[in-house]
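Worksheet: one structure, shown below.
Atoms within each ligand, like the ligands themselves, are counted from 1 in listed order.
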Amino acid sequence: MDQTSGVKRQIMDYYNSVGWKNIQDGVFHNASREDLRPVAQEYIHRCRMRVKRHLPEKGEYLLDAGSGPIQYPEYLEYSRDYRYRVCLDISRLALVEARERIGDHGLMVLGDIAHLPFRKGAVDGVVSLHAVHHIPGEEQLQAFHEMWRVLKDSGAAVIVHSWGNLAPIQRVFRRPMKWIIRARRWISRLLSGQGMADQRAGEGQKAADIQIQSPTFRHDFNWVQKNLGSLPGFRLLIWRTINTKFSRVFIHRFFFGKLWLRLLYSLEEKAPVFFARYGQYPMIIYHGSTEPIDSGNEG
Ligand SMILES: C[S@@+](CC[C@H](N)C(=O)[O-])C[C@H]1O[C@@H](n2cnc3c(N)ncnc32)[C@H](O)[C@@H]1O
């Protein structure tokens with residue numbers, strides 16, 4: 001097995017055994033990475049709905065590349081006016097769970113985004129959220145081109161990407177976030193009177209969590225511009241500026257959290273290109289076309 005297929009197997013095993021494990025009433029282990037607090041709900045909902053604006057309103061097939069189990073209700077909206085949603089994932093469990101949510105509206109395909117088993121121009125739209133970063137770096141360009149190849153001329157793709165630790169917002173806030181998290185831990189330990197034994201137990205748990213993580217490979221803004229900038233209709237617009245960690249540290253209901261998030265959302269609406277560049281999660285948008293694209297090697 002080469003390195004690339006070894007990584008893919010690791011991802012597949014992770015999502016089959018951990019990521020898509022139902023931990024409670026339709027909530028998956030994967031959702032523990034999301035901010036599920038009521039204070040953040042409105043902002044997160046509105047950001048998820050942004051995807052739909054850039055897809056063709058209706059059509060025959062919407063491909064959801066790396067669909068997972070279609071875990072949030074907003075995701076179902078994307079394909080509401082399509083005949084079928086084609087859910088493609090390398091995790092079998094993801095597709096079993098997706099079937100539960102989508103019924104006959106879904107066509108399930110166990111496959112790899114970097115090698116789509118569809119003919120050219122087969123689908124009207126493509127969505128892909130938080131999936132491409134699991135594909136080993138050297139194959140990611142191929143995955144973006146595959147999602148372009150299967151688009152009809154009139155089609156559009158919306159790919160939600162994360163700049164990860166390379167996001168400028170991370171560089172500014174990473175240190176202060178670390179200090180605040182540390183200070184909070186110490187305060188809660190002092191208040192609850194728990195000692196070093198608890199601290200060690202916590203560290204042991206953290207080490208175990210790290211072992212079951214799924215690997216990610218992130219390209220930065222320059223890579224995306226350079227390698228994808230020539231795709232027809234290419235645009236980078238904001239999906240969401242802040243990640244879960246930032247939200248949990250800085251956004252609280254007692255400190256007008258909802259209002260801050262409303263303000264942030266309206267700024268994102270006014271300057272979507274700026275926030276896509278400097279925030280955490282941009283949407284990579286491109287269109288189908290009759291013209292061939294330059295599918296040369298990535299630089
Ligand atoms: C973080 S989850 C996101 C799932 C869903 N799009 C969402 O936003 O909730 C990543 C998903 O991508 C799938 N995945 C990772 N690499 C893949 C590949 N090369 N081909 C197809 N699916 C892949 C995983 O199995 C997993 O279900």
Does the ring of Trp179 carry Arg182 above it, NZ/CZ under 6.0 angstrom from centre and within 45° of its axis?
no
What protein heavy atom sits nearest atom 20 (N) of ligand 1, and how far away is it?
Ile113 N, 3.0 Å
Residue selection (non-hydrogen contact nearest atom 22 (N) of ligand 1) among Ile90, Leu93, Leu95, Val132
Ile90
Between Ile135 and ligand 1, which part of the residue brings a heavy atom under 4.0 Å of the ligand: side chain, backbone, both or neither?
side chain
Just need the protein heavy atom nearest to atom 24 (C) of ligand 1, so name the residue and atom and give the distance.
Asp89 OD1, 3.4 Å
Under 6.0 Å between ring centres: does that hold for Phe173 and Phe250?
yes
With atoms numbered from 1 as shown, which atoms in ligand 1 lie under 4.0 angstrom from a non-hydrogen atom of Ser67?
4 (C), 5 (C), 6 (N)
Is there a side-chain contact between Pro117 and Leu88, using heavy atoms and a 4.5 Å cut-off?
yes
Distance-only N or O hit between ligand 1 and Asp112, under 3.5 Å:
yes
Does Tyr75, backbone or side chain, put an N or O under 3.5 Å from an N or O of ligand 1?
yes
So, is Ala114 polar-close to ligand 1, with some N/O to N/O distance under 3.5 Å?
no
So do the side chains of Pro272 and Arg235 get within less than 4.5 Å of each other, counting heavy atoms only?
no
If you measure every N/O of Asn30 against every N/O of ligand 1, is any gap under 3.5 Å?
no
Under 4.0 Å, heavy atoms only, figure out whether ligand 1 is touched by the backbone of His130, its side chain, both or neither.
both
What part of Ile11, side chain from CB on, backbone N/CA/C/O, both or neither, has a heavy atom under 4.0 Å from ligand 1?
side chain
Shortest non-hydrogen contact from Ala114 toward Lys8:
CB-NZ, 4.3 Å
Please indicate whether any nitrogen or oxygen in Ala131 is less than 3.5 Å from any nitrogen or oxygen in ligand 1.
no
I want to know if ligand 1 touches Leu129 in the polar sense, i.e. an N/O pair below 3.5 angstrom.
yes
Nearest neighbour of atom 4 (C) of ligand 1 from the list Cys87, Gly111, Gly66, on a heavy-atom basis:
Gly66
Angle class for the Tyr84/Tyr61 ring planes (parallel below 30°, perpendicular above 60°, tilted otherwise)?
parallel
Pairwise side-chain contact, Arg240 with Gln280, heavy-atom cut-off 4.5 Å (strictly under)
no
Whether Tyr72 lies under 4.0 Å from ligand 1, heavy atom:
no
Quick one: does Tyr14 get a heavy atom under 4.0 Å from ligand 1?
no
For residues Ser91 and Asn16, is any side-chain donor paired with an opposing acceptor at under 3.5 Å?
yes
Contact between Phe275 and Leu264 at the side-chain level, heavy atoms closer than 4.5 Å - yes or no?
yes
Cationic tip of Arg277 above Phe221 ring, under 6.0 Å, 45° of axis:
yes
Applying salt bridge (charged side-chain N to carboxylate O under 4.0 Å, His left out), run through Glu269 and Arg50 and close with a yes or a no.
CA-CA 10 Å; Glu269 289 291 288; Arg50 280 185 169 132; 3.0 Å; yes
Tell me: protein heavy atom nearest atom 9 (O) of ligand 1, and distance?
Gln71 NE2, 2.9 Å
Of the protein's non-hydrogen atoms, which lies at the shortest distance from atom 2 (S) of ligand 1, and what is that distance?
Tyr15 OH, 3.5 Å
May I ask you to decide if the ring planes of Phe255 and His252 are parallel, tilted or perpendicular, using 30° and 60° as cut-offs?
perpendicular
Taking N or O atoms only and a 3.5 Å limit, does Trp20 qualify as a polar contact for ligand 1?
yes
